[in-house]
**Q** 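This is the structure I have questions about; it appears just below.
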Amino acid sequence: MEVANRNYRIAFYLNGALREESVRPDETALELLRERMHLRGVKEGCAEGDCGACTIAIGEWNHQHFRYRAINSCLFAAIQLHGKVVITVEGLADSGSLHLIQQKLLDNHAVQCGYCTPGIVMSMFCLFAEIADPTEQQIKTALEGNLCRCTGYITILSAARDITHTLQRNSPNAILPDYCTEVAMQLQSFAKKIEPHFQNSKEIRETISYHKPVSYSELTTVLSSLTRNEFRFVNGGTDVFVEQNVHRKFAQHLIDLSTIPELKRLERVGDNVFIGGAVTMQELLTSLDIRQHLPMLCDALQMLGSHQIRNVATLAGNVAHASPIADGSVALLAYGAIIELLSPRGTREIPIDDFYLDYRKTALQPDEVITTIRIPVASDFASFWKSSKRVAVDIASVNSAFTANIIDGRIVACRFAFGGVAKTPMLCNDLPQLLLRRIPDETVIRECQDTVLRVFHPISDVRGSAEYRRILLKNHIRYHLSKLTASVKSIGGNHE
């Protein structure tokens, strides 16, 4: 029997042309572009944001600047393409002539089977569209979310350097196809709206509807009309669509938080930095306030996911997902962050110390959403470390964060947070008293190592045995305290 499903009419610019499509609320950009629009350069590899084969470029205006960002289309809702410029690898070549990036990959023998190549091309496109003369590290960061099992990475890096040299000799605009300027200007007056409509279908879809509130008032109205097990919040969708793609878990309703202005707050006020629930990790990494006052958070986020993931994922989402080894959560625990929440009943605050209750269980009530993360900036010293097989795009075996206040070379207050060793990210509350008024010499380091091993009892799993994690715990203690000792003379009584 055919049933009526709610679909949505969206409009976006695809490779220079305005397109209107009907999409399901649970449809990914990958499904739309590859399966229904037949753009085969958008490839599915892992369906969970690890391989980068599905990378596309999303263009939009941001603070008077038009910017392209690389995203994993397998984890991005098709409905969120509305009102954006989308470029796939098919949109780069001009009248049969290869694009500069494609040509340089070919010239440097950086192509073999070609499956991963379109994603690599699009990651490079977004990099060079933003930075004509990137550093070696910027190139590696842009490509860290793209896997290639054929050529290795030396030839790909050589191609990136070759592109840099070419752009230095010629116009940096050689990266952008001719249509880019025109569609960017057209997007400024874009007025089409997402329109729901119903159509008959033989397949019953799990996800019924999509909600896109533009204010706190609209958000609480939506929350009042649904029960918690019916909906999921979406901003970047990097967790929601992994659950959907890999585990086939569908929410009945999706609530998109990306267009609520208050959730984009990012500012320092007094001794606190306020981070809105819809601020992406990449926005945090490029924020002067974050880099100046919370550098350890930058260290943690730089190791979290790939460039494509950080372009859409949020710190609030990382916290709410409640992974026992969430890099962002461990850093926030060490900083002593405060979580601000909103529900139809009003607002409340909860220290992150009290936020995690059990494995994947938090203090969030069914109708609450994280609106802001407030982080004190009073630490004299802060450091983060992560043990994983890959530097980025990998889940840690153990991660840890440490903050301290120093007077006359001695610790007067500190916070030690760990992930991967318990059901939740956890503080080791025995360490502050042990370290109080002491200098972290070898004796102190060993006492701290013994204490941590008594407190935590890690398990064995695919990322490491319990014994391996105990060794990592000892190494993490030594790393943080040795780093503090090396820098304590320069810290004095000054803050971060």
Side-chain angles (χ1 to χ4, degrees), residues 3-11 22-27 60 76-84 190-199 204-241 243-244 249-267 274-280 312-322 338-350 355 361-374:
V3 297
N5 283 327
R6 179 179 294 181
N7 282 25
Y8 295 84
R9 181 73 63 181
I10 65 170
S22 175
V23 299
R24 307 186 314 268
D26 57 9
E27 189 170 10
E60 57 190 327
F76 197 78
I79 199 169
Q80 290 185 306
L81 298 178
H82 180 75
K84 295 179 173 62
F190 187 88
K192 294 181 181 293
K193 296 181 179 180
I194 295 175
E195 298 289 346
H197 68 98
F198 294 88
Q199 67 179 35
I204 299 176
R205 294 291 172 186
E206 297 279 355
T207 303
I208 299 171
S209 65
Y210 171 85
H211 306 268
K212 194 171 186 177
V214 296
S215 67
Y216 278 174
S217 175
E218 289 188 12
L219 175 59
T220 54
T221 298
V222 172
L223 291 174
S224 297
S225 67
L226 303 173
T227 59
R228 186 63 181 96
N229 62 351
E230 291 181 330
F231 69 86
R232 290 294 303 273
F233 293 115
V234 173
N235 190 77
T238 53
D239 287 323
V240 171
F241 282 102
E243 291 184 359
Q244 178 177 302
K249 293 181 179 179
F250 293 80
Q252 288 183 276
H253 306 270
L254 295 177
I255 303 177
D256 187 343
L257 303 174
S258 63
T259 54
I260 300 176
E262 294 92 336
L263 294 182
K264 299 299 288 184
R265 181 185 186 189
L266 178 55
E267 63 176 338
F274 293 81
I275 300 172
V279 177
T280 69
V312 295
T314 65
L315 183 59
N318 190 242
V319 170
H321 190 58
I338 303 296
I339 310 298
E340 299 181 6
L341 308 172
L342 172 72
S343 74
R345 302 180 308 282
T347 61
R348 71 177 178 124
E349 296 183 348
I350 182 170
F355 188 74
K361 184 178 180 181
T362 73
L364 274 170
Q365 295 300 308
D367 57 353
E368 284 184 317
V369 61
I370 297 175
T371 56
T372 309
I373 299 171
R374 174 162 56 89

**Q** Can you tell me how far apart CG (L263) and CD1 (I275) are? Round to the nearest 0.5 Å.
**A** 13.0 Å
**Q** Taking all atoms of both residues into account, what is the closest heavy-atom pair of L341 and T371, and its distance?
**A** N-OG1, 4.1 Å
**Q** Between Y210 and D26, is any pair of side-chain heavy atoms under 4.5 Å apart?
**A** no
**Q** Quick one: pull up CD in Q365 and CG in L223 and give me the separation to the nearest 0.5 Å.
**A** 13.0 Å
**Q** Applying side chain to side chain donor-acceptor pair (under 3.5 Å), can you list everything that pairs with H82, at least two apart in sequence or on another chain?
**A** none
**Q** What pair of heavy atoms forms the shortest contact from P25 to L254, and how long is it?
**A** O-CD1, 3.2 Å
**Q** In the structure I gave you, are the side-chain heavy atoms of L257 and L219 within less than 4.5 Å of one another anywhere?
**A** yes
**Q** I'd like to know whether I339 forms a side chain to side chain contact (heavy atoms under 4.5 Å, CB included) with I373, so could you lay out the CA-CA distance, the side-chain angles of the two residues, the decisive distance to 0.1 Å, and finally the verdict.
**A** CA-CA 5 Å; I339 310 298; I373 299 171; 4.1 Å; yes
**Q** With the side chain counted from C-beta on, respond yes when Q252 and L226 share a heavy-atom pair under 4.5 Å apart, and no when they do not.
**A** no
**Q** Using only atom types and a distance under 3.5 Å, with no angle test, would you say the side chain of K264 pairs donor to acceptor with the backbone of A278?
**A** yes
**Q** Nearest 0.5 Å, please: how far is CG in N235 from CG in L315?
**A** 11.5 Å
**Q** Taking all non-hydrogen atoms of both residues, which atom of F233 and which atom of V240 are closest, and how far apart?
**A** O-CG2, 3.5 Å
**Q** Quick one: pull up CD in E243 and OG1 in T238 and give me the separation to the nearest 0.5 Å.
**A** 10.5 Å
**Q** Output yes when R345 and D367 qualify as a salt bridge under the 4.0 Å nitrogen-oxygen rule, no when they do not.
**A** yes
**Q** Show the nearest heavy-atom pair for residues R9 and S22, with the distance to one decimal.
**A** NH1-N, 3.8 Å
**Q** Of R348, R374, R265, which is the lone residue that meets salt bridge (Lys or Arg N to Asp or Glu O under 4.0 Å) with E340?
**A** R374
**Q** Minimum heavy-atom separation for P213 to T259, with atom names?
**A** O-OG1, 3.3 Å
**Q** If only side-chain N and O atoms count, and only distance matters, is there a donor-acceptor pair under 3.5 Å linking D256 with Q80?
**A** yes
**Q** V222 and I255: which non-hydrogen atoms are nearest, and at how many Å?
**A** CG1-CD1, 3.7 Å
